Participant: 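Take a look at this one; I'll ask things after.
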Amino acid sequence: MRSFSVQVGRLFGVEVRLHLTFLILPLFVFWTESTVRSANGPRDLALVGIVLACVAAHEIGHMLVARRYGLIPKAVILLPLCGVTVFDESRSETADPAAVWKRDVRIALMGPLVNLVLAIIAAGIIYPALGTNLWKWPFLQATNLPRSLVWANLYLAGLNLLPAYPLDGGRILRAFFARTIDSAAATRRAVSISHALAMMLMVAGLFSDTWLTMVGVIIFSAAQLEERAVIFQSVLDNVRLEEVMLTDFATLSPADTLEDALDKAVHSLQDDFPVVRGSDMVGVISKARILEALRIEGNGYVQAVMNKIFEVSVRQESLSSAFRKLTARNLSIIPIVEDQRLVGIVTLQNLMHSMALLAESRKLRRDGAES
């Protein structure tokens, strides 16, 4: 989710990120507007802001409906034509698989519906108040921002109904596929259709309206983003901790001094250490915590500054389970135990590294099988 996106704030407690493909939009607006008139930076930026606001409203519509089904949004990534909302599906109230596709269709339809309603409201206010001709071409232009507000919403509503994943039409298509095949396969099929449609739009734009080329590029990028997210989720759900846990690791004793602990940490690649007394694990401590304690309190004992609250897992647990434990309490290490004996550790650092490698290897194997 974080790849090629930057956090721009929070909305209703949900992390909001801007995908770097959004930079295509201001560049494209400046270029197209300069071909028909002299540049006007503030107006051009205002047009970009209108599109961004319409996309944000679109995603708020999705999130409001999703909450009714117990889907809690964790983050939303805004792209020029759509958004990608990441939900915590572990708290979903829709347990019946037969009802999931209906839920997904309703969530998908709400985004275009929000844009359509906003367009109608904007037209109802702008036309009587300003007498703006809403049907004059070009509909979306920085020289007439009120008309652009109406048509930005109409364009977003229409474009998002295209059967190109992750646009809403593509999500509806994926929901229908998911009735008969598993979710990952349904997503891959929808992404394949999306890639084909994106290529058609890019080629068509070369011979007609250049906006079509931009739409094609954005759809292709968004589909790639969603495909990678599905691969990562597959890794999280299907890989066991025993496949990625570290078995060669250093431990500390609660009786170690902080200076001795720092000396051990200097000669280790670990950032986090289990603290073990005999055969029992009694806490965890990080390099950063050791350094902080030394700076503030001077030399002491590990027992005094270690974190005594920690989660444990077993070999057979999934990466998804471990990841939830790490993020729920903002932890950076999970010990793996067997018969009350420490047999391995999983750190947030090695978990993310392993997920990236496993996702890439699965993608390579799948691409090789398809070719």
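We use all heavy atoms of the structure for the numbers below, so side chains are in, but hydrogens, waters and symmetry mates are not. These numbers were taken from a predicted model, which means no experiment stands behind them.
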Participant: Let me see the working for Met202 and Ile219 under side chain to side chain contact (heavy atoms under 4.5 Å, CB included), right down to the final yes or no.
Facilitator: CA-CA 10 Å; Met202 284 188 276; Ile219 289 175; over 6 Å; no
Participant: Hey, what do you get for CD1 (Ile193) to CG (Leu162), rounding to the nearest 0.5 Å?
Facilitator: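 So the gap between those two atoms works out to 12.5 Å.
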Participant: Mind jotting down which residue pairs meet the side-chain hydrogen bond (donor to acceptor under 3.5 Å, both in side chains) criterion with at least one end in residues 153-164? Sequence neighbours excluded, please.
Facilitator: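 Only Asn115-Asn153 qualify under side-chain hydrogen bond (donor to acceptor under 3.5 Å, both in side chains).
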Participant: With hydrophobic residues grouped by side-chain heavy-atom distances under 4.5 Å, do Met199 and Val215 end up in a single group?
Facilitator: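 Yes; Val215 is reachable from Met199 via cluster members.
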Participant: Do Arg289 and Glu292 meet the salt-bridge criterion of a basic N to acidic O distance under 4.0 Å?
Facilitator: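 Salt bridge present between Glu292 and Arg289.
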Participant: Quick check: does any side chain N or O of Gln270 sit under 3.5 Å from a backbone N or O of Ala250, one acting as donor and the other as acceptor?
Facilitator: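 Side chain of Gln270 to backbone of Ala250: a pair is present.
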Participant: For the backbone of Val29 and the side chain of Asp44, can you confirm whether one donor and one acceptor N or O come within less than 3.5 Å of each other?
Facilitator: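 No, the answer is negative, given that no donor and acceptor are paired below the 3.5 Å cut-off.
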Participant: How far apart are the closest heavy atoms of Ala322 and Leu241, and which atoms are they?
Facilitator: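 Heavy-atom minimum between the residues: CB-CD2, 3.5 Å.
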Participant: Would you check if the side chain of Arg315 reaches a backbone N or O of Glu242 as a donor-acceptor pair within less than 3.5 Å?
Facilitator: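 The answer is no, because no donor-acceptor pair under 3.5 Å joins these two groups.
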Participant: For Asn299 and Leu258, indicate whether the former's side chain and the latter's backbone hold a donor-acceptor pair under 3.5 Å.
Facilitator: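 Checked: pair present.
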Participant: Mind running side chain to side chain contact (heavy atoms under 4.5 Å, CB included) on Glu259 and Leu294 for me, showing each step along the way?
Facilitator: CA-CA 8 Å; Glu259 289 182 353; Leu294 280 169; 4.0 Å; yes
Participant: To the nearest 0.5 Å, what is the distance between CG on Leu291 and CG on Leu262?
Facilitator: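 Here the interatomic distance stands at 5.5 Å.
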Participant: Can you measure from CG (Asp272) to OG (Ser286) and round to the nearest 0.5 angstrom?
Facilitator: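 Answer for the CG-OG pair, Asp272 versus Ser286, is 5.5 Å.
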Participant: Do the side chain of Arg240 and the main chain of Gln316 share a donor and acceptor less than 3.5 angstrom apart?
Facilitator: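 Pair found, side chain donor or acceptor close to backbone of Gln316.
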Participant: Side-chain heavy atoms under 4.5 Å apart, restricted to Ile/Leu/Val/Met/Phe/Trp/Tyr: what other residues fall into the cluster of Ile333, or is it alone?
Facilitator: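 Answer for Ile333: Leu246, Phe249, Val276, Met281, Val284, Phe310, Val312, Val337, Leu342, Ile345.
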Participant: To the nearest 0.5 Å, how far apart are CD1 in Ile181 and CZ in Phe176?
Facilitator: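 The CD1 atom of Ile181 sits 13.5 Å away from the CZ atom of Phe176.
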Participant: Just by distance, with hydrogens left out, do Gln141 and Thr143 show a side-chain donor and acceptor under 3.5 Å apart?
Facilitator: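 Yes, side-chain donor-acceptor contact under 3.5 Å.
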Participant: Taking all non-hydrogen atoms of both residues into account, name the closest pair between Tyr301 and Ala255 and its distance.
Facilitator: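 Where Tyr301 meets Ala255 most closely, the heavy atoms are CD2-O, 3.3 Å.
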Participant: Output yes when a side-chain donor or acceptor of Arg17 lies under 3.5 Å from a complementary backbone atom of Ser5, and no otherwise.
Facilitator: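 The answer is yes, because a donor-acceptor pair under 3.5 Å joins these two groups.
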Participant: Only pairs under 3.5 Å count here: list side-chain donor-acceptor contacts from residues 105-114, not counting sequence neighbours, and write none if there are none.
Facilitator:
from	atom 1	to	atom 2	distance (Å)
Arg106	NH1	Tyr69	OH	3.1

Participant: For Ala261 and Leu252, which heavy atoms make the closest approach, and how far apart are they?
Facilitator: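 Closest approach of Ala261 to Leu252: CB-CD1, 3.9 Å.
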Participant: Rounded to the nearest 0.5 Å, what's the gap from CG on Asp168 to CZ on Arg174? Could you check?
Facilitator: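 So the gap between those two atoms works out to 13.0 Å.
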Participant: Show the nearest heavy-atom pair for residues Leu156 and Val51, with the distance to one decimal.
Facilitator: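 Closest heavy-atom pair between Leu156 and Val51: CD1-O, 4.3 Å.
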Participant: Check the surroundings of atom NZ in Lys136: do more than 12 heavy atoms from other residues, nucleotides or ligands lie under 6.0 Å from it?
Facilitator: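 No, NZ of Lys136 has 12 or fewer neighbouring heavy atoms, counting only those of other groups under 6.0 Å.
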Participant: Of all the heavy-atom pairs spanning Val150 and Ala119, show the shortest one and how long it is.
Facilitator: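 Smallest heavy-atom distance, with atoms named: O-CB, 3.6 Å.
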Participant: Does atom CD1 (Ile309) have a neighbourhood of more than 12 heavy atoms from anything else shown, all under 6.0 Å?
Facilitator: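 No, CD1 of Ile309 has 12 or fewer neighbouring heavy atoms, counting only those of other groups under 6.0 Å.
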Participant: Can you find a pair of side-chain heavy atoms, one from Val76 and one from His62, that are under 4.5 Å apart?
Facilitator: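 Val76 does not reach His62 side chain to side chain.
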Participant: Checking side chain to side chain contact (heavy atoms under 4.5 Å, CB included) for the pair Leu18/Leu52: CA distance, chi angles, key distance, verdict?
Facilitator: CA-CA 10 Å; Leu18 199 64; Leu52 178 60; 3.8 Å; yes
Participant: Would you say Leu11 and Glu59 make side-chain contact, with heavy atoms under 4.5 Å?
Facilitator: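 They are not in side-chain contact.
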Participant: Answer whether the closest heavy-atom distance between the side chains of Ile336 and Ser313 falls below 4.5 Å.
Facilitator: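 Result yes, sub-4.5 Å side-chain heavy-atom pair found.
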Participant: How long is the span from the CE atom in Met63 to the NE2 atom in His58, to the nearest 0.5 Å?
Facilitator: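 Result: 11.0 Å between the selected atoms.
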Participant: Got a sec: does the CZ of Phe139 have more than 12 other heavy atoms crowding it under 6.0 Å?
Facilitator: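 Atom CZ in Phe139 is crowded, with more than 12 foreign heavy atoms closer than 6.0 Å.
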Participant: Honestly curious: do Ile120 and Leu154 fall in one hydrophobic cluster under the side-chain, below-4.5 Å linking rule?
Facilitator: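 Shared cluster, yes.
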Participant: Any idea how Trp135 and Trp151 line up, ring-wise: parallel (<30°), tilted (30 to 60°), or perpendicular (>60°)?
Facilitator: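 Taking Trp151 first and then Trp135, their aromatic rings stand perpendicular (interplane angle over 60°).
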Participant: Are any non-hydrogen side-chain atoms of Asp263 and His267 less than 4.5 angstrom apart?
Facilitator: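 Asp263 vs His267: side chains touch.
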Participant: Hey, are the side chains of Val239 and Val244 touching, using non-hydrogen atoms and a 4.5 Å cut-off?
Facilitator: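 Val239 reaches Val244 side chain to side chain.
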Participant: Would you say Leu134 and Leu140 are hydrophobically clustered, going by side-chain heavy atoms of ILVMFWY under 4.5 Å?
Facilitator: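 Yes; tracing contacts between hydrophobic side chains, which count when under 4.5 Å, links both residues.
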Participant: Between Thr347 and Asp271, is the side chain to side chain contact (heavy atoms under 4.5 Å, CB included) condition met? List the steps.
Facilitator: CA-CA 8 Å; Thr347 67; Asp271 287 330; over 6 Å; no
Participant: Same cluster for Leu78 and Leu149 if Ile/Leu/Val/Met/Phe/Trp/Tyr side chains link at under 4.5 Å?
Facilitator: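 In one cluster with Leu78: Leu149, yes.
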Participant: Hey, any chance Ile334 and Val314 share a hydrophobic cluster, counting ILVMFWY side chains that come within less than 4.5 Å of each other, even indirectly?
Facilitator: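 Different clusters.
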Participant: Please answer whether the main-chain N or O of Asn144 pairs with a side-chain N or O of Ser148 as donor and acceptor at a distance below 3.5 Å.
Facilitator: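 Checked: pair present.
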Participant: Between Ser268 and Lys287, which heavy-atom pair has the shortest distance, and what is it?
Facilitator: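 Taking Ser268 first and Lys287 second, the nearest heavy atoms are O-NZ, 3.2 Å.
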Participant: Treating Arg171 as the side-chain partner and Asp104 as the backbone partner, does any N or O pair qualify as donor plus acceptor under 3.5 Å?
Facilitator: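 Between the backbone of Asp104 and the side chain of Arg171 there is no qualifying donor-acceptor contact (under 3.5 Å).
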